[in-house]
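First the structure, in the form of structure tokens, and then the observations on it.
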Amino acid sequence: MARYNPKDIEPKWRAAWADADVFRVSNDDPRPKYYMLEMFPYPSGNIHMGHVRNYAMGDVVARFRRAQGHAVLHPMGWDAFGMPAENAAMERGVNPKAWTYENIAAMREQLKMLGLSIDWSREFATCDPAYYGKQQAWFLKLMERGLVYRKEATVNWDPVDMTVLANEQVIDGRGWRSDALVEKKKLTQWFLRITDYADDLIEGLATLDRWPDKVRTMQENWIGRSTGLQMTFDFAGGAPADFEAGLEVYTTRPDTLFGASFLGIAPDHPLAEQLSAASPEVAAFIAECRRGGTSEAEIEGAEKLGLDTGLRVAHPFVVGETLPVWIANFILMDYGTGAIFGCPAHDQRDLDFARKYGLPVKAVVLPPDAHSATFMVGSEAYTGPGRIFNSGFLDGLTIEQAKAEAVTRIEAIGKGKGATVYRLRDWGVSRQRYWGCPIPVIHCKACGVVPAPVSQLPIELPDDVTFDKPGNPLLRHPTWRFVPCPACGQAAERETDTLDTFVDSSWYFARFTNPDAVDPIDKAAADRWLPVDQYIGGIEHAVLHLLYARFVTRALKDEGLVSVAEPFAGLFTQGMLTHETYARQSGEWVDPSRVVLETAGNTRRARLADTGEALVIGDIEKMSKSKKNVVAPEEIFEQYGVDAARLFVLSDSPPERDVQWTTGGVEGAGRFVQRVWAEFDSQAEAVAAPVDEDRSDELRRATHKIIKAVTESVDQFKFNSGIARLYEFLNLLKAFPATDGGVVAVRAEALSALARLISPYTPHLAEECWLRMGGEGMVVDAPWPEFDPALTTDSELLLPVQVNGKRRGEIRVPADASELDVREKALADETVSVHLAGLTVRKVIVVPGRIVNIVVG
RNA sequence: GGGGACGUGGCGGAACCGGUAGACGCAGCGGACUUAAAAUCCGUUGGGCUUCACAGCCCGUGUGGGUUCGAUUCCCACCGUCCCCACCA
């Protein structure tokens, strides 16, 4: 018996698959389609264990569907534009393009080691002009449709990356990549009208029944639709210039209109800015407001600040009543109209503000159990249900009725209307960077913004750029910018902003269906494959990539490029890879490869391998270079084999949860690989001896049960459970050795099923086993095993018997025994009857095939 | 502040639709093989108690209640952990 040596065997099978080109799929393949896609990687140059888990999961599904008779599209590409290439250029003087393509070459080799069932013929990188040129083409089409516009806007400026960020890319006031504090800056920027699709994007979520609820909720919250009233307050006394028409506010609580005691405007509201020009006091206040931070702690502890402008507005329904207009720091210019009416009794922020500045607090919602004469609001606003009071024509109505009535009355007097407001902003896609897709427009002094003619696409990036100065190298390139205007022929300049890399990843799944198409998307190919049947990636893209891709797909659908509105029918968000951390007493992190672990009973100690220095075992955290708690995939492959690594990252935790990398765990997976091989090897060598007892039925039933279990586990994304069942089955197989002449034929059936069942997880091992048992062709081309439902149950059952809900014994009965027989047998059982002595049997509950419960009293 | 997820042995986790809690793996313990170690194989492993033994009993899925013949699973309250969003009117 030879030991299984993955180092020799795994490369052999990868070469065999490549030679036979088994994973190439044709768009004309008549079998039912299945599009399996994992989020494509950024070509950093090295794969990490997180990639291994992500792509192993996708490969299990792809190989499974393939075996089940689907034409599986399983492509791979590179999300290749972005900052790291420019950083490398600035730090090491390398060319971003050369750097990126070198990384791609290195990573492709590493990914190929994983033995993934990928159709590499469809590979592309988003930095290929052949890709981004097509992106420029559809960008121009969206421009014609009015979905692209340019405006001066206050933007999030990342001072480290020297570029603009979209709202989605600002986390706690910091850039998502650089972690630098984001500044506000006014710039003319390109935007995509994602807000045109706000309603669609919310409605569409309801159709995504194979998405995690969590992601759908996150997107819904991010879009943040709210319905309310947009209304105008007229100024009492003189109106400021430009505000003769009054001051517009937005509210979701029109029912509390009679409880209003002030109007508030944001510090960057146009009215506030106008007033600051004339008043140093106002200017100073606004400047103070801008200093506030945006982190959790800062917002939590931030004090409400306000300044009375001295202006007053009239209450629309109470003749003679006027309200003061304040500038307040807690009002946001980018939500609603940047102005509110404050109703302190029923909004906590308004209440805090009113208490601080001595503004009136008038309750207008009466809680169900309160009396109008005595109900008071103290330091806590009342936001619960109730009836309206103190409110003229709204008195006695419920909150919902009063909202509707207030909107109707305001509309009747022409002072406003019901309005829907979104938290979602238009998507700012301009980036002041070199390594991105050039925005294909030309600025002409005479003609304005002119789209580049389609015949000139792709607008390619120049290779000869310098990174010796900060800022965008395209701006200082000697020639690239200067082109004649396509419209009038006069000297003009190219746009030097490039597109956010999230644009690149918002349609790549469609390009994979025909990466060589002349059009951006080959409609027939896209119709053949889209939507993606199963998409797998990290939860961190819940509102970034996954929202942008849904929007772009809708826009492209309206343009007629694709037929589907939703790009991803099924989504699975996988957990991260974690590892224990180790540190020296000095606090310096230590690489796990330098650590020796010792166990004494249930306590564990860590030492430095070379010096024996005692180490501190730290928390289990996401693998990261900064904590040094990473393991290099290539070293693992070298030591345990690719199959063992794939198996372990899928076996130890449910796929949606984080998995902790442990040496013991991957060793266990390696042992399984060896034991599976030994089972096939021994079958081939063993000489079967005649036996007295035929035990084949038990093994046959076990085989059909395992087929059912593994099939269901892959279907339901419960890889860990399926693998556990395979371990169990292998243990059971040992009880039916190949030397047992009675089971030889059934054993062959069992091994044939086993080889195919493990093939999605450990594809190399499966091939070698298939070869050893004399299977036809390669296991990768073998059909998925089928089970006979009649054989997935046992012929005889061991039923537990409870007395008053406590387990007191068990009985052995035929699977088809009648309820009466089961009942009799349970009552007659010796160990059970002890607990029945002297008591009356009141009821016997027989759950067929499950349990018997005898109720006594 | 709003929304969501979760809580099971020393550890990762399993348990279909409410039906034998702890599958499977890791770690541990005992043994076989070996001159020895590694590797491998076999056995054992939630806690407590009774028993020479066979076996049996009690407790046990964060805490406290409830529904039920029966609850890790359903309901209510509380405690704790994690994630997302957030002065969003």
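Predicted model only: the values in this text are computed from it and were never measured. In the text below, chain A, chain B and the rest are named by the order of the sequence lines, each starting its count at 1.
Distance check on atom P: B:G65 versus B:C54 gives 37 Å, rounded to whole Å. Comparing B:A5 with B:G62, their C1' atoms are spaced 16 Å from each other, to the whole Å. As rounded to the nearest Å, B:U8 and B:G4 have P atoms that lie 22 Å from one another. Using P as the reference atom, B:G28 and B:C79 are 40 Å apart when rounded to the nearest Å. Across B:A36 and B:G25, the matching P atoms stand 29 Å from one another, rounded to whole Å. Atom C1' of B:C69 sits at a distance of 34 Å from the matching atom of B:G80, rounded to the whole Å. Separating the P atom of B:A15 from that of B:U20 is a span of 13 Å, rounded to the nearest Å. Annotation: B:U35 and B:G30 have their C1' atoms spaced 22 Å apart (nearest Å).
A donor atom on one side chain and an acceptor atom on the other are found under 3.5 Å apart for A:Asp199 and A:Tyr422. With 3.5 Å as the limit, one finds no donor-acceptor pair spanning the side chains of A:Thr663 and A:Tyr640. In this structure, a donor-acceptor pair under 3.5 Å is absent between the side chains of A:Gln574 and A:Arg657. No hydrogens or angles considered: nothing links the side chains of A:Tyr382 and A:Glu380 as a donor-acceptor pair under 3.5 Å.
Here A:Lys214 does not reach the OP1 or OP2 of B:C6: none of its side-chain N or O atoms lies under 4.0 Å away. Side-chain nitrogen and oxygen atoms of A:Arg808 include at least one within less than 4.0 Å of the OP1 or OP2 phosphate oxygen of B:C57. For the pair A:Arg423 and B:A86, the criterion of a side-chain N or O lying under 4.0 Å from OP1 or OP2 is met. Dashed line: the shortest gap from a side-chain N or O of A:His835 to OP1 or OP2 of B:C57 is under 4.0 Å. A close approach under 4.0 Å does occur between a side-chain nitrogen or oxygen of A:Asn731 and OP1 or OP2 of B:G25. Considering only side-chain N and O atoms, A:Asn720 lies under 4.0 angstrom from the phosphate OP1 or OP2 of B:A14. Regarding contacts with the backbone of B:A89, a side-chain N or O of A:Tyr335 is found under 4.0 angstrom from either OP1 or OP2. Taking side-chain N and O atoms only, A:Arg349 has no distance below 4.0 Å to OP1 or OP2 of B:G1. OP1 or OP2 of B:G25 has not a single side-chain nitrogen or oxygen of A:Arg671 nearer than 4.0 Å.
In textbook terms, a nucleotide whose glycosidic angle is within 90° of 0 is syn, and B:C17 is one such case. Glycosidic conformation of B:G9: syn, with the torsion inside 90° of 0.
Residue A:Arg675 is in sugar-phosphate contact alone, with no base atom involved, counting any heavy-atom pair closer than 4.0 Å across all strands shown. Within the 4.0 angstrom heavy-atom criterion, only backbone atoms of the sugar-phosphate kind lie near A:Lys718; the bases stay farther away. Among the atoms of the strands shown, base atoms are found under 4.0 Å from some heavy atom of A:Tyr250. Within 4.0 Å of A:Gly336, counting heavy atoms only, lies no atom of the nucleic acid at all. Nucleic acid contact class of A:Arg253 (heavy atoms, under 4.0 Å, all strands): sugar-phosphate only. Looking at heavy-atom distances under 4.0 Å, A:Ile854 makes no contact with the nucleic acid at all.
Residues that satisfy the side chain to side chain contact (heavy atoms under 4.5 Å, CB included) test with A:Ala272, not counting sequence neighbours, are A:Ile265, A:His269, A:Ile286, A:Ile327. For A:Asp658, there are no side chain to side chain donor-acceptor pair (under 3.5 Å) partners, not counting sequence neighbours. Every residue two or more places apart in sequence or in another chain was checked for a side chain to side chain donor-acceptor pair (under 3.5 Å) with A:Lys825, and none qualifies. In this view, A:Glu667 satisfies the salt bridge (Lys or Arg N to Asp or Glu O under 4.0 Å) rule with no residue, not counting sequence neighbours. A search for side chain to side chain contact (heavy atoms under 4.5 Å, CB included) contacts involving A:Ala669 returns A:Ala644, A:Leu647, A:Phe648, A:Tyr727, not counting sequence neighbours. The salt bridge (Lys or Arg N to Asp or Glu O under 4.0 Å) search around A:Lys7 returns A:Glu638, not counting sequence neighbours. Annotation: salt bridge (Lys or Arg N to Asp or Glu O under 4.0 Å) contacts of A:Glu796 (sequence neighbours excluded): A:Arg812. With sequence neighbours excluded, the residues forming a side chain to side chain contact (heavy atoms under 4.5 Å, CB included) with A:Gln802 are A:Ile851, A:Asn853, listed by chain and number.
Among the nucleotides B:C84, B:A27, B:A89, the one closest to the side chain of A:Glu667 is B:A27.
The side-chain tip of A:Arg423 points at the ring of A:Trp222 from less than 6.0 angstrom away and within 45° of straight on. Judged by the 6.0 Å distance and 45° axis criteria, A:Lys304 is not positioned over the aromatic ring of A:Phe353.
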Nucleotide N/O to protein N/O under 3.5 Å, stretch nucleotides 18-22 of chain B:
| residue | atom | partner | partner atom | Å |
| --- | --- | --- | --- | --- |
| B:G19 | N2 | A:Gln802 | OE1 | 3.4 |
| B:U20 | O2 | A:Arg807 | NE | 3.1 |
| B:U20 | O2 | A:Arg807 | NH2 | 3.4 |

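Atom CZ in A:Arg3 sits about 7 Å away from atom P in B:U40, given to the nearest Å. Counting to the nearest Å, the P atom of B:G70 and the CZ atom of A:Arg842 are 14 Å from each other. Atom pair A:Leu730:CG and B:G25:P shows a separation of 9 Å (rounding to whole Å applied). The NE2 atom of A:His541 sits 16 Å away from the C1' atom of B:C84 (whole-angstrom rounding). Look at CD on A:Glu728: it is 10 Å from C1' on B:A14, rounded to the nearest Å. The CG atom of A:Leu733 sits 14 Å away from the P atom of B:C41 (whole-angstrom rounding). With rounding to whole Å, A:Asn329 atom CG is found 12 Å from B:C87 atom P. When the C1' atom of B:C87 is taken as reference, atom NZ of A:Lys356 falls 14 Å away, rounded to whole Å.
At a threshold of 4.0 Å, the pair A:Arg216-A:Asp213 counts as salt-bridged, since one of the basic side-chain nitrogens sits closer than that to a carboxylate oxygen. Taking a cutoff of 4.0 Å between a charged side-chain nitrogen and a carboxylate oxygen, A:Lys705 and A:Asp794 qualify as a salt bridge.
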Pairing pattern in dot-bracket form [Watson-Crick, G-U; both distances under 3.5 Å; | = partner strand] for RNA chain B: (((((((..(((......[....))).(((((.......))))).(((((....)))))..(((((..]....))))))))))))....
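Distance check: A:Trp326 CH2 to A:Tyr357 OH gives 6.5 Å after rounding to the nearest 0.5 Å.
Near RNA chain B, meaning a heavy atom under 4.0 Å away, the residues from residues 650-663 of chain A are A:Asp652, A:Ser653, A:Pro654, A:Arg657. Contacts between residues 255-272 of chain A and RNA chain B, defined by a heavy-atom separation below 4.0 Å, involve no residue at all.
Looking at which nucleotide of RNA chain B each of A:Thr217 and A:Lys843 is closest to, the 5′-most match is held by A:Thr217.
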